[in-house]
Amino acid sequence: MQKIKSLMSRQGLKSPQESMADLSPVESLRIPSKEELRELREQPIDPQAEQEIIESIEEVYFSTDSFDMVQHELEKLPPELNLQELEEYRDKLKRQQAAVSKKVADLILEKQPAYVKELERVTALQANLQLAAVICTNARRQLSMSKEGFTEASLGLLSNQRRRQLLTGLLKSLRTIKTLQRTDVRLSEMLEEEDYPGAIQLCLECQKAEQLDVALSKTCKHFDVSHYTKVQLAYTLLGKTQTAMDQLHMHFTQAIHNTVFQVVLGYVELCAGNADTKFQKMQYKDLCTHITLDSYIPCLTDLCKALWEVMVSYHRTMQWHEEHDKHEATPTAAESDDSVVDRSYVKKKLEHGLTRIWQDVQLKVKAYILGTDMSNFKYDDFIVVLDVISRLMQVGEEFCGSKSEVLQESIKRQSVNYFKNYHRQDVFAASRSLPWGLDPPSNLSQSQWDLEFKFMGQCRSPSVSPSRQAVSSAGPVQEELSLFQQYHQEGNPFEMPAENKEEETEDVLASNGYESDELEKSVYQDYDSDSDVPEELKQDYVDEQTGDVPLKSASRETIRSKKKSDYNLNKTNAPILTNTTLNVIRLVGKYMQMMNILKPIAFDVIHCVSQLFDYYLYAVYTFFGRNDMYESSGLGLISSRLRTTLNRIQESLIDMEAVAENAPVHGAAEDRKEKVPSPHLSQLVVLTNSGTLYGLAQRVVATESLVFLAEQFESLQSHLDTMMPAAKKPFLQQFYSQTVSTASELRKPIYWVVAAKAIDYEQMLLLMAGVKWDIREIMSQHNVYVDVLLKEFEDFNKRLQDVSRHVRIPLPVSNVLWEHCIRLANRTLVEGYANVKKCSNEGRALMQLDFQQFLMKLEKLTDLRPIPDKEFVETYIKAYYLTENDMEQFIKNHREYSMKQLANLVNVCLGSHINKKARQKLLAAIDDIDRPKR
């Protein structure tokens, strides 16, 4: 080693450590450039070999401790140096260095995009910070300028207000000086006339001029003719008649404010239970928000009583001036022009003050009405509020002829909120009460039904107070007195006698038209018991004409002959109802009671009534009518009108997101607040049991109760139409034409499910496939599949009778069931005939024989005439005998047959009377018909 060092020093070479020490820090840690990195990456090397080279590097090179690499390598040299071995070891070190350099280069290039991206983010952040600094600087400058401008403007406003107050005081002083001057002239005249007592009285009045204003203010709450006469005479002596009238109106305005504030403040402090003075410093509008629900109605009543005292005082003031003007109506020569001007001024001022005072009253009451959320009020309490406000509006109409638009708008807002909340609770309760009771209640008598809508004969307008009703009912000859005439001297229209309250509660507030909850409970308990039902009604359904107990469906002529409803409220044909139907009827009755009282929101009430019916219809369809096989049946079970109605209800009323997400009912989304969850059928209702005809009893009860409810809605249409605003009547007409009238259309899809499963149509197809139709002789015996099909119908008829022992099956229901079954059977026959591969003329004759046998036996099971789709089968069988031209016309005209059925008809006729060329032509015609459908 010493030899090597001496040799290196002799040649002027430096050790690696010394060479590294001479380099600057940047050069010693220089990162390879992109070109060098690319060259290193482009050097072909095996990754596995490269990894082995890196792993062969001694661990000491990877340690964080600093050590002398040169010293380490020199110490490893053997005593005897071999040039070839040194060169090989040097090459190994170079390979290790190249492998490490390439690995480092790969890592640098891999992180290069992230480095560039982060550097760009830092640059953008720096730019944003600079922009924020500029914005803050500008904002501070603008804020400083605004502060200076605002301060100067505020000081200017304060200065002007102070100047205004000084000028107002100066004006008052000038008027006092003017009065004193007139008094001085009048005093001199009285002394010249030697009227010494009058002069002395005038001097005393001048001394008490300030006390007159106080005396004038006392007339605003408790008008006294004698007192007011003295005050007016005093102002007349002072020559301040016009000033007195200005002061009077100011006192009335102040009296209204002070009165309502004191009344509300008293109730707020009473309910707060402490003597906290913070309420006295509140504004009146804020004070109204602290009224509790329990004290709301008493406070409102006292508020209206106090305002009535102010208005009746103003009314009596006007009467005093009218009577005073009548006494001085004849002008005299001694009367001055100033007196005439004063009377004219007073008259105009009083007339103008009517509207102004009533407007102040409305604004105060409006603030009180809107200060509390009444959506959670009890129904009876809310009706009391409406009655008080309606009586106050009547006072306003008699006071100044106003329609009280301010009060109407405020009470309308509260009424809409209250009713929507009330309705939302009803609909949510209906959705939570599902599954609905599908057991039919007992017969509902006509008298009980009348009780449900008893209110229709007793409803009264909310704008008419009970006192006016009493006067109007006394007799038409007696002239009706206004409230100001009735309570001119004493009393208050907002103090209802006890007997009037009881009468109103009975007529207006009674729930569901009953006088008490006990009566309502006793009446509807009868629905759940059949103890009072005659024995004959507990038997099977009895036909009204023959007295028999058939399950045969009535003919169409029989139905057409019955012009009236399928249901009459009598014991021979009792309606089929569910508990849910009765609940909906009761809700409709209560809603219509509210609509008679809440006339301004009649449209909102009717809209909610329509939602009740929509939800009921949608629930029945969802439970029993929804099926994916409707479209493929080709029977047109759901009309476009019914489908549109169901889609509308689902989009506008049903919260499908709650069903999909299993979310709570009260979602945060605004558009879901008015929606309710989709109804769910109880697991206790089984619709898959063939023994019960797939829940036919439940289907009948649900569907026929809906039809009955629709008929009751039809009977209420005229009454709803009279309550609906003219601009909203198209909504009511659309509701009846698009929704109510579609209730009976649900029979088809609901009962079709039963008909499709009650008879084994697939078995019939299999039996028909085993029949040989290319026979050569005419047969006299029908095939076995006809007997099997008739046996299926007999079993269906028997199961139908079993169901009728539990639930009466109306004639329309029986008709629909039989029609569906027969229609499906006939279409199955055609489908079976269309599966025939070969058929002769004798085979077609056998088809006709089978179908005639089927019709003959079927007509004994049902009275339904004509047999549905009879021509559908006969026409298809007879089409076998058509010629080529007639067959082509047949294909174009009979679109009711499927493409498969028409094609089979052509193929079967091949060889008998249709050749191959004609066959190709006819098949092309069939394909042309089918092409637009694709």
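Everything numeric in this text was worked out from a predicted model, so none of it was measured. Numbers here are sequence positions counted from 1.
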Worksheet item: Does atom CD of Gln734 have more than 12 heavy-atom neighbours from other groups under 6.0 Å away?
Response: no
Discussion item. Does atom CD1 (Ile778) have a neighbourhood of more than 12 heavy atoms from anything else shown, all under 6.0 Å?
Written reply: no
Fill in: Partners meeting ring pair (Phe, Tyr, Trp, His ring centres under 6.0 Å) with Phe851 (sequence neighbours left out)
none
Worksheet item: Sequence neighbours excluded, which residues qualify as ring pair (Phe, Tyr, Trp, His ring centres under 6.0 Å) partners of Tyr761?
Response: none
Practice prompt. Apply side chain to side chain contact (heavy atoms under 4.5 Å, CB included) to Thr828 and Leu789, showing your working.
Written response: CA-CA 11 Å; Thr828 304; Leu789 179 58; over 6 Å; no
Qualifying residues under side chain to side chain donor-acceptor pair (under 3.5 Å), relative to [X], sequence neighbours excluded:
X: Asp795; value: Lys791
X: His607; value: none
X: Tyr736; value: none
X: Gln848; value: none

Specify the closest pair of heavy atoms between [X] and [Y], including all atoms of both residues, with the distance to one decimal.
X: Val620; Y: Ala702; value: CG2-O, 4.0 Å
X: Tyr615; Y: Pro677; value: OH-O, 3.0 Å
X: Ile809; Y: Ser814; value: CG2-N, 3.9 Å
X: Arg648; Y: Ser652; value: O-OG, 2.7 Å
X: Lys870; Y: Leu855; value: CE-CD1, 3.6 Å
X: Met764; Y: Ala825; value: CE-O, 3.8 Å

Discussion item. Suppose the criterion is side chain to side chain donor-acceptor pair (under 3.5 Å): which pairs have a residue in residues 836-845, not counting sequence neighbours?
Written reply: Ser840-Glu842
Worksheet item: How long is the span from the CG atom in Leu612 to the CG atom in Leu617, to the nearest 0.5 Å?
Response: 12.5 Å
Fill in: Separation between OH of Tyr833 and CG of Leu905, rounded to the nearest 0.5 Å
13.5 Å
Item to complete: Go through the steps for Tyr751 and Phe624 under the test ring pair (Phe, Tyr, Trp, His ring centres under 6.0 Å), then give the verdict.
Response: CA-CA 8 Å; Tyr751 298 137; Phe624 306 105; 9.6 Å; no
Answer yes or no: is there a donor N or O on one side and an acceptor on the other, between the side chain of [X] and the main chain of [Y], under 3.5 Å?
X: Asp760; Y: Glu792; value: no
X: His820; Y: Lys748; value: yes
X: Asp721; Y: Gln717; value: no
X: Thr862; Y: Glu859; value: no
X: Asn815; Y: Leu864; value: no
X: Tyr694; Y: Lys757; value: yes
X: Asn647; Y: Arg643; value: yes
X: Tyr876; Y: Gln901; value: yes
X: Thr645; Y: Gln738; value: yes

Item to complete: Could you give me the CA-CA distance, side-chain angles and deciding distance for Phe713 and Phe613, then say whether ring pair (Phe, Tyr, Trp, His ring centres under 6.0 Å) is met?
Response: CA-CA 9 Å; Phe713 267 76; Phe613 187 86; 5.0 Å; yes
Worksheet item: Does any non-hydrogen side-chain atom of Asn797 lie less than 4.5 Å from one of Gln801?
Response: yes
Discussion item. Measuring only between side-chain heavy atoms, which start at C-beta, is Ile759 closer than 4.5 Å to Leu824?
Written reply: no
Worksheet item: Any side-chain donor-acceptor pair under 3.5 Å between Thr875 and Tyr897?
Response: no
Discussion item. Would you say Asn826 and Arg823 are linked by a side-chain donor-acceptor pair, where the criterion is simply a distance under 3.5 Å?
Written reply: no
Worksheet item: Which residue, Arg799, Lys798, Arg805, forms the side chain to side chain donor-acceptor pair (under 3.5 Å) with Asp802?
Response: Arg805
Once side chain to side chain contact (heavy atoms under 4.5 Å, CB included) is applied, do any residues pair with [X], and if so which ones, sequence neighbours excluded?
X: Glu651; value: none
X: Leu790; value: Val786, Phe854, Lys857
X: Asp787; value: His782
X: Asn783; value: Val771, Trp773, Tyr785, Leu846, Asp850

Worksheet item: Can you say whether the rings of Phe796 and Phe793 are parallel (under 30°), tilted (30 to 60°) or perpendicular (over 60°)?
Response: perpendicular
Item to complete: Among residues two or more places apart or on two chains, list those pairs meeting salt bridge (Lys or Arg N to Asp or Glu O under 4.0 Å) that have a residue in residues 680-702.
Response: none
